[in-house]
Amino acid sequence: MREFGLIGKTLSHSFSKIYFEEKFQREHITDASYSLFELADIEDIADFIRQHPDLVGFNVTIPYKQQIIPYLDALSDEAKTIGAVNTVTIQHIDDQTFTKGYNTDIIGFRDSLQGISIPDHALILGTGGASVAVKYVLELLGCTCMVVSRNPERGLPYSALTQEIVRQHRLIVNCTPLGTYPNINEKPDIPYEGISGEHFLYDLVYNPSETTFLKEGILRGARTLNGLAMLHAQAEAAWNIWQIL
């Protein structure tokens, strides 16, 4: 039985297990399983892989998309370029394991934007592993991005974000976990008064389907989208990578 899964620190919000179990049933895949694996520390990854000899590949989520890189044997070109991994393959060769990291968030985010008119300027909230994939895609599409961060060394501080800056950036992408179930009342601390009907708010959070961040946009007439389409697209891209093994 081939084993797949998701690693992260807290996974109670994740739909990945449901998604893959339904996929396996729908496509009559009987030799695969998908599980959620909560790791207290990324340093546990080597022991985790040893303890799961049937593990063929796994997805990576918050907060390990960047932290996992030093523990992998190789990276795809895109994962190396952006410095983040959300999909890992494992090959067992002569009693040794060979791990390679990929980034299917790039594919997932790009595909979720199909048919959507993208504004010229975007605010990216957060600097984690998902945000670098979002920035990479938007810049390829010709969008100028401003990153907002709690760490002033990594982006514009939230305290410096003004209504005028928000007005000028008509695409706002929340790449933070704020608002994720069960903390559904949380939202990024931005001046929502600068949002209008000309804005497009994209939240990578998909549970709940309508976050407080998106509700603020809807209240002001903005177009909105949650992260479910991206989740599905990146999951399918990960599956395609695993099937090559």
> Same cluster for V173 and M146 if Ile/Leu/Val/Met/Phe/Trp/Tyr side chains link at under 4.5 Å?
Replying inline: no
>> Side-chain heavy atoms nearer than 4.5 Å, only ILVMFWY residues, links allowed to pass through others: does that put I90 and Y64 together?
In response: yes
>> Rounded to the nearest 0.5 Å, what separates atom CD1 in I172 from atom CD in E216?
In response: 11.0 Å
>> So that I know where these two stand, are F37 and F48 an aromatic pair - ring centroids less than 6.0 Å apart?
In response: yes
>> Between H199 (side chain only) and S196 (backbone N and O only), is there a donor and an acceptor less than 3.5 Å apart?
In response: yes
> At what distance, to the nearest 0.5 angstrom, does CZ of R50 lie from CG of D44?
Replying inline: 10.5 Å
> Nearest 0.5 Å, what's the CG-CG distance between N103 and N86?
Replying inline: 5.0 Å
>> Please determine whether residues Y136 and V85 belong to a single hydrophobic cluster, defined as Ile, Leu, Val, Met, Phe, Trp and Tyr linked transitively by side-chain heavy-atom distances below 4.5 Å.
In response: no
>> Tell me whether R167 is salt-bridged to E198, with the criterion being a basic N under 4.0 Å from an acidic carboxylate O.
In response: no
>> Any side-chain to backbone donor/acceptor pair from S131 onto G126? Under 3.5 Å, distance only.
In response: yes
> Taking the six-membered ring where the residue is Trp, are the ring centres of F109 and Y202 under 6.0 Å apart?
Replying inline: yes
> Does the side chain to side chain contact (heavy atoms under 4.5 Å, CB included) test come out yes or no for Q66 and V132, once each step is laid out?
Replying inline: CA-CA 10 Å; Q66 294 162 314; V132 291; 4.2 Å; yes
> Going by atom types alone, do E164 and Q168 pair a side-chain donor with an acceptor below 3.5 Å?
Replying inline: yes
> Donor-acceptor pair, R220 side chain versus Y192 backbone, under 3.5 Å?
Replying inline: yes
>> Donor-acceptor pair, distance only, cut-off 3.5 Å: does the side chain of D73 make one with the backbone of T99?
In response: yes
> How about Y34 and N59: does a side-chain donor come under 3.5 Å of a side-chain acceptor?
Replying inline: yes
> Quick check: does any side chain N or O of S149 sit under 3.5 Å from a backbone N or O of P152, one acting as donor and the other as acceptor?
Replying inline: no
>> Using side chain to side chain contact (heavy atoms under 4.5 Å, CB included), reason through L123 and L161 one step at a time and then give a plain yes or no.
In response: CA-CA 10 Å; L123 286 178; L161 193 57; 4.0 Å; yes
>> Please tell me whether L231 and F213 are part of a single hydrophobic cluster in this structure, the criterion being side-chain heavy atoms less than 4.5 Å apart.
In response: no
>> Given 3.5 Å as the limit, does a donor-acceptor pair link the side chain of N240 with the main chain of E236, or not?
In response: yes
> Nearest 0.5 Å, what's the CD1-NE2 distance between I184 and H13?
Replying inline: 14.5 Å
>> Just by distance, no angles: are the side chains of E210 and N226 close enough, under 3.5 Å, to form a donor-acceptor pair?
In response: no
>> side chain to side chain contact (heavy atoms under 4.5 Å, CB included), that's the test. Do I68 and V88 meet it? Break it down for me.
In response: CA-CA 10 Å; I68 195 172; V88 174; 4.2 Å; yes
> Do H92 side-chain atoms and L55 backbone N/O form a donor-acceptor pair below 3.5 Å?
Replying inline: yes
> If we ignore angles and hydrogens, is there a donor and acceptor under 3.5 Å between the side chains of T176 and N174?
Replying inline: yes
> Quick one: does T104's side chain have a donor or acceptor within less than 3.5 Å of a partner on Q234's backbone?
Replying inline: yes
> Do K9 and E38 sit within salt-bridge range, that is, some charged N less than 4.0 Å from a carboxylate O?
Replying inline: no
> Measuring from T10:OG1 to L36:CG, what's the distance to the nearest 0.5 Å?
Replying inline: 11.5 Å
> Does the pair F4 and F58 meet the rule for a ring pair (Phe, Tyr, Trp, His ring centres under 6.0 Å), with working shown?
Replying inline: CA-CA 5 Å; F4 303 90; F58 58 89; over 10 Å; no
> Are Y19 and W239 close enough that their ring centers fall under 6.0 Å?
Replying inline: no
> Do side-chain atoms of S14 reach the backbone of L11 as a donor and acceptor pair under 3.5 angstrom?
Replying inline: no
>> Can a side-chain donor-acceptor contact be found between D203 and T211 if the only test is distance below 3.5 angstrom?
In response: yes
